[in-house]
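First comes the structure, then the notes that go with it.
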Amino acid sequence: MKVELEADKCVASGQCVVAAMEVFDQDDDGIAVLLAERPGAEHLDSVREAVAVCPAAAIRLVEK
Amino acid sequence: MAHPLAGAVPEAPDAVPEFPMPRAARCPFDPPPELKELQERGPLTKVRLWDGSEPWLVTRYAEQRALLGDPRVSADTDTPGYPTKASPGGGEGKLSFIMMDDPEHARLRRMVTAPFAIKKVEALRPTVQRIADDLIDELLAGPRPVDLVEAFALPIPSLVICELLGVPYADHDFFQDNTKTMVHRDATPEQRGAASREVAGYLSRLLSERLARPQGDLLSGIAGRITAGEIDHRQATEMALLLLIAGHETTANMIALGTLALLRNPGQLALLRDTGDPKLVASAVEELLRYLHITHLGRRRAVTEDIEIGGQVLRAGEGVIMVNEIANRDPAVFPDPDRLDLTRDARRHVAFGFGVHQCLGQPLARMELQVVYGTLYRRIPTLKLACAPEDVRFKHDAFIYGVHELPVSW
C-alpha cells in the first residue's frame, strides 16, 4: 500500500498519530508528517483508521 | 447500502419542529426523543429557532461529517443564514478563529497548534496526573459529602490551562476564582461578564510580560506572533481567552457527567476501577465522548453555495445545525447506540466535531480525561452518589450540557 498526505490541508488534530504512530508523526507546529510512504501490510488497519478519522481529509490510501 | 433506519417511519411531520428540543426527564443521557424520531425519518429536516428562522438540522452521521468537511459552509457568524444560538439579549461575541473561515481561520489556528501535538501533550501527562492526585488527596482528607463539580471537575481543567498558558502559581487562585464565576450557575450575567473581563485583562497583562521576557509557554508563543507583526495584542488576547474557554467548562462537564453516567452503570465503572490497562482507559474515554453530549446545541454553519445532500438541496443563505450527539447515536455507525459500552471501538465519534474546525485541544482533552477516569475510581473505589438520582440538576438551558453539582461520598 501507498499512503499520501496533503500536509497543507492538515489541521493538526493529531488523530493520525493516535491511529497509526508508526506511520505518522507531527512537526513542531503539530502538522502531520509521513514516516513511511509504503508501510508494511501489518499497518493497513491502523492507516485505514487514520484515513477515517482525519478531519481534514488530508490522507489517502492507495491499496495495491 | 441502505441506512438501517430507512423506511422505519412514514413521511415527515406537518409542522416544523422547534429546536432545541427537551430531553425526556428520565433519560438525561439520551438525545431528546423528538430528535431521535427526526433521525429515523431522514438525514436532514428543517427546524425552527427562537428567532423564527428555519435552518436545516442534520441528524445522521454520514451527512454531518460530509457537511462539516465541506468548504461551502461557513462558520462565520456574520454569514447570511448563520443560525444564532443566543436568545434576545443573550449576546454572542465572535471568539477568535473558531468563528472565521479559511484562509484567515487556518492562519490563526496554526499559530497555536504546536502545544497540542501528541508528543507535547504526552509530556504534560505527569503534571496532569499530579494535579489529579493532589485534588483527590484533598477530597479524601476533606468532609463528606462533597460537590465533585466544585472540588474536582472544574479545578482540573483550570489548573491544566494554567500550566499550558504559563499562569504563575501565585495567580492560580485568582485565575480559578474568576474562571469559576465565568461558568457559575448562580452568577448573574453582569458577574459573569465582569469575571470574563478580569481574566481577559489578566491574560492581556501576562502577554505584555511575555513580550518583554519570553518563556517556553504557550503565551510566549502567542506573544512571539505579536512581535513578528502577524497579529495585534487584542487578537492575541482573544486567542488566549478562546483556548481557556474551549478547554475549561467542556472538560469539567465531561468529568462530572461521565462520573454520573458511570455511577449509573456500575458494571462499566468496575471495568475502569479494576483495570491497569491504558488501552481500556483510552477506549473508555472515546466511548464516553461518544455517549455524552456536552455541546448539545450543535455545531452551526451557514451555506454559501447550494449543496445537494441526503436527498435535499441546501441553498446559499440557509443555516445548518449539526447536533453531534445524535450523529454519535446513529445506528448505522454505532450498533446498539444507546448502550454505554466502554469496550466498543468508538473512535469515529464526532464529539470534537469534524472538518477544519475540529477541536484543536482534543489531544489535551483526551489525555486529561484518560488521567481522570483512570485515576478517580481506582483511588476512590467506593465512590457513590450522595443524593437521590432524581435530585441531580442537569444544565438543560446552558451552552454546555452537564450537571450543576454532583454530591458524592465514599
Side-chain angles (χ1 to χ4, degrees), chain A, chain B residues 61-62 64-71 97-98 102-103 105-122 218 221 224-225 278-279 282-283 285-286 289 299 324 333 345-367 370:
Chain A
M1 66 173 152
K2 183 168 183 280
V3 183
E4 292 173 350
L5 170 73
E6 289 178 80
D8 59 332
K9 278 193 182 175
C10 176
V11 296
S13 74
Q15 298 246 50
C16 56
V17 183
V18 177
M21 202 166 269
E22 296 82 9
V23 182
F24 301 97
D25 198 358
Q26 290 168 290
D27 70 11
D28 285 346
D29 289 328
I31 303 304
V33 178
L34 203 50
L35 294 177
E37 206 171 284
R38 294 180 183 278
E42 69 275 21
H43 299 302
L44 184 59
D45 284 349
S46 55
V47 171
R48 277 196 185 134
E49 185 65 22
V51 172
V53 294
C54 173
I59 307 167
R60 265 204 313 276
L61 176 61
V62 186
E63 286 177 70
K64 291 242 171 93
Chain B
Y61 180 89
Q64 281 203 12
R65 282 215 347 173
L67 282 168
L68 285 166
D70 196 314
F97 53 83
I98 61 168
D102 286 343
H105 156 264
R107 185 181 81 90
L108 295 175
R109 177 177 167 125
R110 283 206 177 193
M111 290 182 190
V112 283
T113 48
F116 300 104
I118 302 293
K119 283 176 185 163
K120 289 192 188 143
V121 166
E122 277 309 311
L218 177 52
R225 304 290 181 162
K279 278 199 178 130
S283 166
V285 168
E286 299 311 315
L289 285 164
R299 260 95 187 172
N324 298 141
V333 186
D345 183 356
R347 287 177 294 173
R348 296 186 186 190
H349 66 74
V350 284
F352 291 119
F354 198 70
V356 296
H357 286 280
Q358 193 184 53
C359 177
L360 169 69
Q362 58 179 302
L364 180 63
R366 284 196 164 93
M367 184 270 280
Q370 286 165 7

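Predicted model, so just to flag it, every value in this text is computed and none were measured. Sequence lines set the chain letters: A, B, ... in the order given, protein chains first and strands last, and positions in each chain run from 1.
With a 4.5 Å cut-off on side-chain heavy atoms, Ile118(B) and Gln26(A) count as touching. A 4.5 Å side-chain heavy-atom check between Arg347(B) and Gln15(A) finds every atom pair outside the cut-off. Residues Lys119(B) and Val17(A) fail the side-chain proximity criterion, which asks for heavy atoms closer than 4.5 Å.
Using a 4.5 Å cut-off between heavy atoms, Ala52(A) contacts chain B through both its backbone and its side chain. Of the two parts of Arg109(B), only the side chain, counted from C-beta on, holds a non-hydrogen atom closer than 4.5 Å to a non-hydrogen atom of chain A.
Across all non-hydrogen atoms, the minimal contact from Arg110(B) to Cys10(A) is NH2-O, 3.0 Å. Across Ala117(B) and Gly30(A), no two heavy atoms sit closer than the pair CB-CA, 4.0 Å.
Atom CZ of Arg107(B) has more than 12 heavy atoms from other residues, nucleotides or ligands within 6.0 Å.
Between the SG atom of Cys54(A) and the CD atom of Gln358(B) there is a distance of 8.5 Å, given to the nearest 0.5 Å.
Ranking Ala19(A), Ala57(A), Gly14(A), Ser13(A) against chain B, the residue ahead of the rest is Ser13(A), based on heavy-atom pairs under 4.5 Å.
For residues 39-53 of chain A, every residue pair satisfying the side-chain hydrogen bond (donor to acceptor under 3.5 Å, both in side chains) rule, not counting sequence neighbours, is listed here: Arg48(A)-Glu63(A), Glu49(A)-Arg348(B).
By the side-chain hydrogen bond (donor to acceptor under 3.5 Å, both in side chains) test, Asp27(A) is found to be paired with no residue, residues two or more places apart in sequence or in another chain being considered.
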